[in-house]
Amino acid sequence: MGLLSGEEFRLLFAVLLNALVLWASWRFAKRMNDDRLDAIGDAFLLYYLVQYLSVCIPGMVRALHPLTIGAVALVCSGIIGLAGSWKRRPRPQFTPTPIQPRLIMISIATAAFALAYAIALAWHQRFLPILSNDAITYHLPAAVQWLQTGRLGMYEAWFYNPANSYSPLAGSTFIAWLLAPMGGDVFARFVQFGPWVMLFIVTMNLCRRLGADVAIAALAAAALVLSRPFASQTILAKDDLFAAAFFLLTIDAFHHDRFARRFGPWRLGIAGGLLLATKFTVLLSVPIFILMLHRGWTWRRLSIAGACAGVLAGPWYLRNMRLTGNPLYPTDFGPFHGMLHVTRSALLARPRGVWDVFTNGYYGIPATLAIVLVVALIIAVALSARSLARDPLLRTCVIGPIIGISLFVALAPYGEMRFALPSVALLFAAMSVALSRHNVRGFGLARYGTATIVVVLAALTGFIIQKSMLFAGAGAIGAII
């Protein structure tokens, strides 16, 4: 073989750059956490933080180029790697339910099933062009424009949706990260595969903190990521899974055991900042965070978290404020003037319309699965009613979906269920509460069977039945191996 060709060199550069960032992030996360799953969640969060900074920093100084992206990534990875070598002090540690070997086996098989399912889906779609409206209209074109001009300029999308010209575009920075070293969209078109994995990990962590064992936590997480609203987006170059993943990571960072640690305020600031930098519609879910407030807050921790979130997300809103005098332009609200007078979508005006929005279409939850989630939420509320006042995480996962979906129905200008994905994700955590907090004799083994049925239901109703069975078959092979 001769020297590497240009295409081969770009592929090698992309693989090595991502491997370096992941290694540094894992090194630091492992140092900050004694629990392996917590460390994986933090590693993913830092991995996307480095991507975001590597595109935004040179983009803001008009020096965006594959080489400058790589240089910033190297510096950030070096800082994170060195920080991971510092000696840490003992901190309060979350102690999960004791893990039995058979539960570990169930959780590993469940994770293998979900991963093999998603890989089969991606393999099936590997030759198809990018078809999603938002992806071909502004998510990908914005990233391409930035790389062509060398700066994070305004991307005009007035012909499609004027709000997209001013919306935060963290999703496009992650796309630019994958486009730059490769010079093509081979990896970028599957940009949401990473947050899909993040959703699985952070959902497991939330369920374990709610009292579920590792097997129930894995089954609930698999049901979430294999359900149609989430699995269907792994093949779209968009940002909805990023919003849902950063939302759950922010809730996880609010937990008192996580927040009390040295990295806690920084974790919260990073997750919250990346969430607010993703899109305007995440503001519909932000009020849910009020349910997570607890006595662990101090002015120092609050300042660190707020400053970190402000540095990451603030420039997008400051840009709009400087250009138009309205941080949420073109939306008209309060004292701020804009060209769009947003009113609730007519599709959400009646109960039947709300049900159709949530259960029909590409992003909808299949009706059968939606009924299961509603029943599980009712059971979770009944079983945990006495604990809601004193347990912020339980309160957030059980009451949060009700608040978030209600805000969406009352305020959303578009009848697109994907804007409520953060609240929908919490429904699966609430399902783990319904399966774990019970006093019914003999239900111990049946709860694993019930959770498995929900996973299979989610897997088989994501796409047309022939394709769903094909992907589920690949998942079954992965689980058996």
Side-chain angles (χ1 to χ4, degrees), residues 14-15 17-30 32-33 37-59 69-70 72-77 79-81 83-84 139 142-143 146 152 168-181 187-203 205 225 230 233-234 236-253 263 266-279 282 305 308-309 311-313 315-316 421-422 425:
V15 171
L17 185 62
N18 280 273
L20 173 65
V21 176
L22 276 172
W23 173 81
S25 300
W26 170 248
R27 180 181 175 86
F28 178 85
K30 188 171 64 173
M32 292 293 111
N33 298 276
L37 286 174
D38 283 341
I40 295 174
D42 282 354
F44 267 105
L45 181 62
L46 291 173
Y47 173 57
Y48 282 106
L49 172 66
V50 173
Q51 291 186 31
Y52 183 74
L53 295 178
S54 299
V55 173
C56 288
I57 291 176
I69 291 175
V72 175
L74 288 175
V75 172
C76 292
S77 298
I79 294 173
I80 292 174
H139 283 302
W146 296 344
L152 298 184
L169 289 177
S172 292
T173 65
F174 303 130
I175 291 175
W177 166 270
L178 296 175
L179 285 173
F187 293 154
R189 60 192 304 263
F190 298 107
V191 66
Q192 291 200 99
F193 201 95
W196 181 87
V197 177
M198 272 201 301
L199 276 169
F200 182 87
I201 297 299
V202 71
T203 303
N205 289 335
V225 298
F230 297 91
Q233 294 227 34
T234 57
L236 301 180
K238 298 183 66 175
D239 55 9
D240 295 307
L241 294 190
F242 281 104
F246 292 140
F247 174 80
L248 292 189
L249 283 166
T250 304
I251 288 179
D252 185 60
F263 184 56
W266 297 97
R267 178 189 297 112
L268 177 60
I270 293 170
L274 292 178
L275 173 68
L276 294 173
T278 301
K279 59 199 312 178
V282 300
C308 185
V311 168
L312 292 177
W316 298 103
L421 281 187

Backbone of [Y] reached by a side-chain donor or acceptor of [X] within 3.5 Å:
X      : Y      : answer
Thr173 : Ala170 : yes
Asp252 : Leu248 : no
Tyr48  : Leu274 : no
Gln192 : Leu241 : yes
Arg267 : Ala253 : no

### Message
Does the plane of the ring in Trp196 sit parallel, tilted or perpendicular to the ring in Phe193? Use 30° and 60° as the thresholds.
### Response
tilted
How many angstroms lie between atom [atom1] of [X] and atom [atom2] of [Y], to the nearest 0.5 angstrom?
X      : Y      : atom1 : atom2 : value
Phe242 : Leu249 : CZ    : CG    : 11.5 Å
Lys30  : Asp38  : NZ    : CG    : 15.0 Å
Trp23  : Asn18  : CH2   : CG    : 15.5 Å
Ser77  : Leu20  : OG    : CG    : 4.0 Å
Thr278 : Lys238 : OG1   : NZ    : 13.5 Å
Leu49  : Ile80  : CG    : CD1   : 6.0 Å

Is the shortest side-chain heavy-atom distance between [X] and [Y] below 4.5 Å?
X      : Y      : answer
Leu421 : Gln233 : yes
Asp42  : Phe263 : yes
Trp177 : Val191 : no
Phe190 : Leu178 : no
Leu169 : Leu152 : no
Lys279 : Asp240 : yes
Asn205 : Ile40  : no
Phe174 : Asp239 : no

## Note on the structure
The residue among Ile270, Val21, Leu22 that forms side chain to side chain contact (heavy atoms under 4.5 Å, CB included) with Leu46 is Ile270
Which heavy atom in [X] sits nearest to a heavy atom in [Y], and how many Å separate them?
X      : Y      : result
Ala243 : Leu275 : O-CD1, 3.4 Å
Pro168 : Ala277 : CB-O, 3.1 Å
Ala29  : Asn33  : O-ND2, 2.9 Å
Ala313 : Gly273 : CB-O, 3.4 Å
Ser25  : Tyr47  : OG-N, 3.5 Å
Ser172 : Ala143 : O-CB, 3.5 Å

#### Entry: Atom CH2 of Trp316 with >12 non-hydrogen neighbours under 6.0 angstrom
yes
